[in-house]
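Positions are given from 1, in the same order as the sequence printed here. All of these numbers come straight from a predicted model, not from anything done at the bench.
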Amino acid sequence: MIYDLEAVPDVSIVVPIYNEVDNLRELAERIFKAMASQTLSFELLAVDDGSTDGSPELLRQLSAEYPWLRAICLVRNYGQSSALQAGFDRVRGRYVVTLDADLQNEPADIPLLLERLEADSTVDMVSGWRKDRQDAEISRKLPSRIANRLISRSTGVHLHDYGCALKAYRRPIIDRIRLYGELHRFIPSLAREAGARITEVPVRHHARTRGVSKYGIDRTFRVILDLILIVFFMRYRQRPLHAFGGVGLWLAAPGTAILTWLLALKLTGEDIGGRPLLLLGVMLVLMGMQFIAAGLMGELLMRIYHEAGGAPQYHAKEYSGGQAEPVATSPASSPAPVRSV
């Protein structure tokens, strides 16, 4: 098969890599075999996240052997979210596919996800569901099930398997989201916030045969903290005063009531100086005022963020003559320029 390096591919496959040198050649070969079975052209963006096992050197070699493989080597280990974003910044296809490099995801399932996007124009993202997951029950599968239910209930995006890396997207969805920290676990929630319509399909999953897993039980606590961030982002990003101010009012209201009652007692001649309620009332009022002030500061920051060219306030499609025009964003702002990670 002859590849035109200047032609824009239909599919961009993004794979974050960290110390997976034993899997890389087989991964590339299996992706090529899977994509050769269908008609869409493709490119593979292999993003090395500061590996120390020889993965960058092998990727450079593979990029010379395979014209459809683009090796992106980060200068140090930034984390999976940054590695994915480095790939997203460079995709050219109208579809974007992600999967892990450990060969636990099955590359042969990629055409299945793409077929769903091709066949159903109402779907913007197809998420893999490792229905028969080949991992340890206690250390991996049980925490994953608990996390999936917690995330689904908290965000309103109901999926069986948030942790499956095998996903396919329409390009506009990828262009609308930015990953940082460890938000790669919540891409479906970020995609829904960007207007994506999401479905889920069962995919195959294999036990790891080479390399070492990069995940441990300690990630559970990080997931909880990131979930708090995502829930706040989805519900209160454009109205932080409602979040902080609401808490402030709940604190200040009983504090004000306590101080009012103590003032009435004082006016009747009673001594209130030694009452613990006085200290409690003052603390509640002060804490409530601080929360309200934080909400006001958040409102000012969001106004500056949007009006100075930050993220758009909304995404929309405009139809003319029955045809969808290019995706429009808030006229008051435009997306921030994309910088490589």
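The two residues A196 and I173 come nearest to each other via the heavy atoms CB-CD1, 3.6 Å. Closest approach of A101 to P16, counting heavy atoms only: CB-O, 3.8 Å. Residues L99 and I13 come closest through the heavy atom pair CD2-CG2, 3.5 Å. Annotation for V11 and V97: closest pair CG1-CG2, 3.9 Å, computed over non-hydrogen atoms. G93 and R171 get closest at one heavy-atom pair: O-NH1, 3.3 Å. Residues K167 and G128 share a closest heavy-atom pair of CG-N, 4.3 Å.
Q80 contributes no side-chain N or O that, together with a main-chain N or O of H184, makes up a donor-acceptor pair within less than 3.5 Å. A donor-acceptor pair under 3.5 Å is formed between the side chain of S152 and the backbone N or O of L159. Using modelled atom types, no side-chain atom of T199 and backbone atom of V126 make a donor-acceptor pair closer than 3.5 Å. When atom types are taken as modelled, the side chain of N105 and the backbone of D100 share a donor-acceptor pair closer than 3.5 angstrom. Side-chain atoms of E200 do not come within 3.5 Å of backbone N or O of W129 as any donor-acceptor pair.
Partners of R149 by side chain to side chain donor-acceptor pair (under 3.5 Å), not counting sequence neighbours: none found. For Q61, the side chain to side chain donor-acceptor pair (under 3.5 Å) test picks out E65, with sequence neighbours left out. Residues satisfying the side chain to side chain contact (heavy atoms under 4.5 Å, CB included) criterion with R192, sequence neighbours excluded, are V157, I198. For H158, the side chain to side chain donor-acceptor pair (under 3.5 Å) criterion is met by no residue, not counting sequence neighbours. Take E299 and apply the salt bridge (charged side-chain N to carboxylate O under 4.0 Å, His left out) test, not counting sequence neighbours, and it matches no residue. Taking the side chain to side chain contact (heavy atoms under 4.5 Å, CB included) definition, one finds that S55 meets it with I17, V21, L24, D48, S51, D53, sequence neighbours left out. For the salt bridge (charged side-chain N to carboxylate O under 4.0 Å, His left out) test, residues two or more places apart in sequence or in another chain that qualify with E57 are R60. Every residue two or more places apart in sequence or in another chain was checked for a side chain to side chain contact (heavy atoms under 4.5 Å, CB included) with K33, and none qualifies. Remark: R170 engages no residue in a side chain to side chain donor-acceptor pair (under 3.5 Å) (not counting sequence neighbours).
Considering R130, K131, R133 as possible partners of D161, the one that fulfils the salt bridge (Lys or Arg N to Asp or Glu O under 4.0 Å) test is R130.
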_From CA spacing to verdict: side chain to side chain contact (heavy atoms under 4.5 Å, CB included), L45, S12_ = CA-CA 7 Å; L45 287 82; S12 294; 4.1 Å; yes

*Would you please test H160 and N148 for side chain to side chain contact (heavy atoms under 4.5 Å, CB included) and show each step?*
CA-CA 6 Å; H160 292 90; N148 288 328; 6.0 Å; no

*Start with the C-alpha distance between R25 and L62, add both sets of side-chain angles, then the distance that settles side chain to side chain contact (heavy atoms under 4.5 Å, CB included), and finish with yes or no.*
CA-CA 7 Å; R25 183 171 292 277; L62 292 175; 3.6 Å; yes

*Residue pair L27, L103: steps toward the side chain to side chain contact (heavy atoms under 4.5 Å, CB included) verdict*: CA-CA 7 Å; L27 175 70; L103 293 178; 3.8 Å; yes

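Side-chain contact between V231 and L227: present, with at least one pair of heavy atoms (C-beta onward) separated by less than 4.5 Å.
The pair E193-R176 does not meet the salt-bridge criterion, since no charged nitrogen lies less than 4.0 angstrom from a carboxylate oxygen. The residues D89 and R178 are annotated as salt-bridged, a charged nitrogen and a carboxylate oxygen being separated by less than 4.0 angstrom.
With a 4.5 Å cut-off between side-chain heavy atoms of Ile, Leu, Val, Met, Phe, Trp and Tyr, the cluster of L265 takes in F232, Y236, F244, V247, L251, I258, L259, W261, L262, I272, L277, L278, L280, V282, L284, V285, L286, M287, M289, F291.
I230 and L150 fall within a single hydrophobic cluster, where Ile, Leu, Val, Met, Phe, Trp and Tyr side chains are chained together by heavy-atom contacts under 4.5 Å. Connection of Y180 to I187 is established within a shared hydrophobic cluster, with ILVMFWY side chains joined at heavy-atom distances below 4.5 Å, either directly or through further cluster members. Linking Ile, Leu, Val, Met, Phe, Trp and Tyr residues whenever their side-chain heavy atoms come within less than 4.5 Å places V75 and V47 in a single cluster.
Using modelled atom types and a 3.5 Å distance limit, the side chains of E182 and S81 yield no donor-acceptor pair.
Classified by interplanar angle (parallel below 30°, tilted 30° to 60°, perpendicular above 60°), the ring pair W68/F42 is tilted. Below 30°, between 30° and 60°, or above 60°: for Y169 and F88 the angle between ring planes is above 60°, a perpendicular geometry.
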Anything under 3.5 Å between a donor and an acceptor, one on a side chain of residues 108-118, the other on a protein residue two or more places apart or in another chain? List them.
| residue | atom | partner | partner atom | Å |
| --- | --- | --- | --- | --- |
| D109 | OD1 | R204 | NE | 3.2 |
| D109 | OD1 | R204 | NH2 | 2.9 |
| D109 | OD2 | R204 | N | 2.8 |
| E118 | OE2 | R94 | NH1 | 3.4 |
| E118 | OE2 | Y95 | OH | 2.4 |

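Here the CG-CG distance, from L229 to L183, works out to 5.5 Å after rounding to the nearest 0.5 Å.
For the side chain to side chain donor-acceptor pair (under 3.5 Å) condition, the pairs that include at least one residue of residues 262-288, sequence neighbours left out, are E270-R275.
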